[in-house]
**Q** 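Structure in structure tokens, see below.
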Number of protein chains: 2
Amino acid sequence: MTYEDRLFAALADPTRRAIFERVAGRRQSVAELARGMPVSQPAISQHLKVLKEARLVRDEPSGARRIYSIDPEGLGPLRAWLDRFWSDQLAAFKAVVETADDN
Amino acid sequence: MTYEDRLFAALADPTRRAIFERVAGRRQSVAELARGMPVSQPAISQHLKVLKEARLVRDEPSGARRIYSIDPEGLGPLRAWLDRFWSDQLAAFKAVVETADDN
DNA sequence: ACTTATAATAAGCCATGACTTATGAAGATA
DNA sequence: TATCTTCATAAGTCATGGCTTATTATAAGT
């Protein structure tokens, strides 16, 4: 499983994406996340593990708690991938599709 | 299942992403895709169906074949989502994380 | 008309993944 | 030390999803 695979897979689950968005909004602990979401604490921990392995979040101990925050560079590869299809190349391709019709 | 969910889910599978990338590179038929990939034709069709429902590809009949091409606007929502965490906001957040340490 | 090519769908199999409850480890607090 | 909180991991359940082969429909070519 490549790094890119892990990244896309991590973002695929809605609950996990919600966790990521919360963490991105404000760094917080596991219990705090669990309180605000309709799943158990272990579920949260499991999601955080996946997000961490995809380098989307970092964690830092703070006493008995563990504070999770966004990893600023984690979305870099996603943007890089996206940019391969966006902008000029895509616009050009779009034009080709609309005009030409060679079979 | 929301539209965003469908988009992320569609991109999560490596095989499906490979299909999308091929189609983005050059519009082609199902058989053509099947020939170049290590899965069966029905598998390709199933993936294309998911990609189409996520609005990532379009299809157009051409005789007995069906030509699939990229949908230029399909990646828009992904970029929109990404931009919510990128740039200014993320840079600012990164700075906060690195300087402050309020628990 | 018959055969071939193309592609979608149906049905079934199997691995993966998202969740649960139970438990244990590590720190904080009395 | 004893208790409470916090969090990760283990184990088990269940649904989903990606694949296969089989089949059908449609179009092309002979």
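We name chains A, B, ... by the order of the sequence lines, and we start the count at 1 in each one. Computed from a predicted structure; not experimentally measured. When reading the values below, keep in mind they use all heavy atoms of this one structure, side chains included, and skip hydrogens, waters and symmetry mates.
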**Q** A/Ile67 has an atom CD1; how far is it from atom C1' of D/dT6, in whole Å?
**A**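 In whole Å, D/dT6 C1' lies 11 Å from A/Ile67 CD1.
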
**Q** Which pair of heavy atoms, one from B/Ala10 and one from B/Leu56, lies closest together, and at what distance?
**A**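 Result for this residue pair: CB-CD1, 4.1 Å.
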
**Q** Tell me the interatomic distance from A/Ile44, atom CD1, to D/dT9, atom P, rounded to whole angstroms.
**A**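 Roughly 15 Å, once rounded to whole Å.
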
**Q** For DNA chain C, which nucleotides open and close the run of contacts to chain A, 5' to 3', at under 4.0 angstrom from a non-hydrogen atom?
**A**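 On DNA chain C, the outermost contacted nucleotides are C/dA18 to C/dA28.
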
**Q** Kindly check if the number of other-residue, nucleotide or ligand heavy atoms within 6.0 Å of CZ (B/Arg6) is above 12?
**A**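 Above 12, so yes.
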
**Q** Report the distance from atom CD of B/Gln46 to atom P of D/dT21, rounded to the nearest whole Å.
**A**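 Going from B/Gln46 (CD) to D/dT21 (P), I get 12 Å.
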
**Q** Expected output is a numbered-order residue list: members of residues 8-16 of chain A with a heavy atom under 4.0 Å from any atom of DNA chain C. What is it?
**A**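 Listed by number, they are A/Asp13, A/Thr15, A/Arg16.
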
**Q** Over the length of the helix from C/dA1-D/dT30 to C/dA30-D/dT1, how much do the five-pair end axes diverge, rounded to 10 degrees?
**A**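 The end axes of the helix from C/dA1-D/dT30 to C/dA30-D/dT1 are about 20° apart, to the nearest 10°.
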
**Q** For the pair B/Glu32 and B/Arg65, evaluate salt bridge (charged side-chain N to carboxylate O under 4.0 Å, His left out) and give the outcome as yes or no after the intermediate values.
**A** CA-CA 10 Å; B/Glu32 206 165 357; B/Arg65 320 190 198 205; 5.4 Å; no

**Q** Judged by each residue's nearest nucleotide on DNA chain C, which is more toward the 5′ side, A/Val50 or B/Arg35?
**A**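 Upstream on the strand: B/Arg35.
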
**Q** Return the polar atom pairs (N/O with N/O) between nucleotides 22-28 of chain D and the protein under 3.5 Å, or none.
**A**
none

**Q** With the threshold set at 4.0 Å, does a side-chain nitrogen-carboxylate oxygen contact exist between A/Asp71 and A/Lys52?
**A**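 Salt bridge: no.
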
**Q** Quick one: B/His47 NE2 to D/dG17 P, roughly how many Å, whole number?
**A**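 Result: 12 Å.
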
**Q** NE2/A/His47 to CZ/A/Phe20 distance, rounded to the nearest 0.5 angstrom?
**A**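 Reported to 0.5 Å precision, the distance equals 14.5 Å.
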
**Q** What nucleic acid atoms does A/Ala31 come within less than 4.0 Å of, heavy atoms only: base, sugar-phosphate, or nothing?
**A**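 The residue A/Ala31 makes sugar-phosphate contact but no base contact.
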
**Q** Spell out, as yes or no, whether a donor-acceptor pair under 3.5 Å connects the side chain of A/Arg27 to the backbone of A/Tyr68.
**A**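 Between the backbone of A/Tyr68 and the side chain of A/Arg27 there is no qualifying donor-acceptor contact (under 3.5 Å).
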
**Q** List the residues meeting side-chain contact (heavy atoms from CB on, under 4.5 Å) with B/Ala34, not counting sequence neighbours, and say none if there are none.
**A**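 Listed in chain order: B/Gln41, B/Ile44.
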
**Q** Could you check whether any side-chain heavy atom of A/Asp5 comes within less than 4.5 Å of a side-chain heavy atom of B/Arg17, counting everything from C-beta outward?
**A**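 A/Asp5 vs B/Arg17: side chains touch.
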
**Q** Between atom CG in B/Leu33 and atom P in D/dC19, what is the gap in whole Å?
**A**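 The distance from CG of B/Leu33 to P of D/dC19 comes to 14 Å, rounded to the nearest Å.
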
**Q** With a sphere of 6.0 Å drawn around CZ of B/Arg55, does it hold more than 12 non-hydrogen atoms of other residues, nucleotides or ligands?
**A**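 Not more than 12 within 6.0 Å, no.
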
**Q** In terms of side-chain geometry, is the basic nitrogen of A/Lys49 or A/Asp59 positioned less than 4.0 Å from the acidic oxygen of its partner?
**A**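 No.
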
**Q** State which residues pass side chain to side chain donor-acceptor pair (under 3.5 Å) with B/Arg35; sequence neighbours excluded, sorted by chain then number.
**A**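 Scan of B/Arg35 (side chain to side chain donor-acceptor pair (under 3.5 Å), adjacent residues dropped) gives none.
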
**Q** Can you tell me if B/Gln28 uses its side chain to pair, donor with acceptor, with the backbone of B/Arg22 under 3.5 Å?
**A**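 Present.
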
**Q** Could you check if a side-chain atom of A/Phe8 sits within less than 4.5 angstrom of a side-chain atom of B/Arg16, using non-hydrogen atoms only?
**A**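 Of all side-chain heavy-atom pairs linking B/Arg16 with A/Phe8, none is under 4.5 Å.
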
**Q** Check whether any side-chain N or O of A/Tyr68 sits under 4.0 Å from OP1 or OP2 of D/dT6, and answer yes or no.
**A**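 Indeed not, no polar side-chain atom of A/Tyr68 lies that close.
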
